[in-house]
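To start, the structure itself, in structure tokens.
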Amino acid sequence: MDLLLLEKALLGLFAAVVLSIAVSKLRGKKLRLPPGPLPVPVFGNWLQVGDDLNHRNLTALARKFGEVLLLRMGQRNLVVVSSPSLARDVLHTHGVEFGSRTRNVVFDIFTGEGQDMVFTVYGEHWRKMRRIMTVPFFTNKVVGQYRFGWEDEAGRVVDDVRSHPKAASEGIVLRRRLQLMMYNNMYRIMFDRRFESEDDPLFVKLKALNGERSRLAQSFEYNYGDFIPILRPFLRGYLRLCKQVKDRRLQLFKDYFLEERKKLASTKAADNASLKCAIDHILDAEKKGEINEDNVLYIVENINVAAIETTLWSIEWGIAELVNHPKVQQKLRNELDTVLGPGVQITEPDMHRLPYLQAVIKETLRLRMAIPLLVPHMNLHEAKLGGYDIPAESKILVNAWWLANNPEHWKNPEEFRPERFLEEEAKVEANGNDFKYIPFGVGRRSCPGIILALPILGITIGRLVQNFELLPPPGQDKLDTTEKGGQFSLHILKHSTIVAKPRVF
Ligand code: HEM
């Protein structure tokens, strides 16, 4: 570290301490703030609670301080919400007040300071982006049109695993093949494109850049520079890397995918509405002047992260739980065999006839929620919550994982037991009809992709269980399901090797 820089930072810190004490003395207005650990000047609670603010650590804090608590992380206020009724207030009753998003130094880079949809503040731009994205991505018509593609991709996974020499003996890292499938599921919708194999150089490049984007954004490593702006010079290297990754990604989306669609759009064939893929509709909106070229790129960026990774993580969790719970796996296979007939491959319209499959998916999303803290919300102005004052521009984390895993609301929540969704929780749906179970959020900023995610999960998990007996690798009786939490994500730490023994029909 540069000594001069260190000296400057220390001086800056000292000045900031003095200034913050002076400002707090001068500030007349007394707010009734939510409870939380006692903050110290400048650092707030950062040194007490540390960097790793994952869903489990935030649950431990909620047990201590209650269902709404405030953490001062350097200069940032972070409010953690941990009860269904307060989640209702944030997401529904006061949904407009809390409907904005916080970003941080890193998300600012990846979203061009909110030129996207997922991370933009609540307002005109968000409304327009959500409207423009709805028809090409988030309707039943899209499901009807693309489900054949998802069934085809899942079928190819089955064929590839069947023909893999090691799958039935030593096992394979199934997730790698499923990742290719998820890219194809979404790239077919976006660009009418697919990648032939895991070795396709373009797929390899894309996957690496998206992976880097996720790692850099979800890491807790950069917290210090975000919480205490005076320390930001130390983050220069990190932010430079983020900028490089962002530039390379957007350039790749542009050069390899968007340009092709633009060229095709200028030919006659593309006038036919039925030949249009999602990005053609988005490019039409650009042509009409509703959005600009950067907005188009950030829509592609959003789908790459919001759609592909979340669904892939959920599939991976579902399979891991099924391997570790062979009785559940067998019960699911029996349902598929009985309802569809042995060897009759599941398709999207079958989903509603398969209640146990639906319960397995719900249970996976409950216990292993891909976005356990939702995407952080924010109140642009000072607001009230649970009788407390919430300072303007607070980051609001709804601990959706804890709502769905709190023993006050769920019977033995630590157990993977899909039956709960057919018995005591039979009325609870994934769309947020009950605030104790909101894996896709609820309200204005809820996940519009639920309409695609649930059938993709059903088709993929259904096909795998129909066609294979899924087992841990030789010498292991369980898969390692250690979690890796991020700024608001949750995935499995180690991608497991899984033995897939083909069934003979
Ligand atoms: C299992 C898969 C998925 C899970 C668990 C999931 C979960 C979530 C959650 C929790 C949120 C934030 C809700 C909030 O902040 O209140 C969200 C937002 C979002 N999701 Fe998903 N999602 C999944 C799949 C998808 C897919 C497939 C797409 C697109 C095709 C998608 C697109 C989006 C978008 C665009 C937003 C931002 C909405 C906004 O800010 O207005 N998601 N998702």
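Keep in mind that this is a model prediction, so the values were computed, not measured. Both ligands and their constituent atoms are indexed starting at 1 by order of listing.
Checked against the 6.0 Å centroid threshold, H325 and F416 count as a close aromatic pair. If you look at F191 and Y187, their ring centroids are closer than 6.0 Å.
Of the N and O atoms on the side chains of R417 and N412, not one donor lies less than 3.5 Å from an acceptor on the other residue.
Residue-ligand proximity: F440 is placed with a non-hydrogen atom under 4.0 Å from ligand 1. The closest approach between T311 and ligand 1 falls below 4.0 Å for a heavy atom of the residue. Within the 4.0 Å heavy-atom cutoff, F138 counts among the residues contacting ligand 1.
Some N or O of R445 is nearer than 3.5 Å to an N or O of ligand 1, by distance alone. The N/O atoms of V375, backbone and side chain alike, include one that comes under 3.5 Å of an N/O atom in ligand 1.
Under the 6.0 Å distance and 45° angle rule, R188 does not count as a cation-pi partner of Y183. Cation-pi geometry between R366 and Y437 is not met at under 6.0 angstrom from the ring centre and within 45 degrees of the axis.
Going from atom CG of N324 over to atom CG of L479 covers 4.5 Å, rounded to the nearest 0.5 Å. Put simply, OG1 on T347 and CD on E151 are 5.0 Å apart, with the number rounded to the nearest 0.5 Å.
The environment of CZ in R176 is sparse: at most 12 heavy-atom neighbours from other residues, nucleotides or ligands sit within 6.0 Å. Counted within 6.0 Å of NZ on K478, heavy atoms from surrounding residues, nucleotides or ligands total more than 12; the atom is thus considered enclosed.
Contacts with ligand 1 closer than 4.0 Å are made by side-chain heavy atoms of W126 only, the backbone lying farther away. At a heavy-atom cutoff of 4.0 Å, ligand 1 is contacted by the side chain of L452 but not by its backbone. Contact annotation for M369 and ligand 1: no heavy atom of the residue comes within less than 4.0 Å of the ligand. At a heavy-atom cutoff of 4.0 Å, ligand 1 is contacted by the backbone of S446 but not by its side chain. Contacts between A400 and ligand 1, counted as non-hydrogen atom pairs separated by less than 4.0 Å, are absent for every part of the residue.
The residue among A453, P376, C447 with a heavy atom at the shortest distance from atom 8 (C) of ligand 1 is C447. When the options G441, G443, S489, A306 are ranked by their closest heavy atom to atom 32 (C) of ligand 1, first place goes to A306.
At least one side-chain heavy atom of L354 sits under 4.5 Å from a side-chain heavy atom of L336.
For ligand 1, the atoms lying closer than 4.0 Å to a non-hydrogen atom of P439 are 5 (C), 7 (C), 10 (C). Taking every non-hydrogen atom of I371 and a distance limit under 4.0 Å, the qualifying atoms of ligand 1 come out as 7 (C), 10 (C). Every atom of ligand 1 with a heavy atom of M186 under 4.0 Å away is listed here by number and element: 30 (C). Residue-ligand proximity, P448 to ligand 1, at heavy-atom distances under 4.0 Å covers atoms 19 (C), 20 (N), 33 (C), 34 (C), 35 (C), 36 (C), 38 (C).
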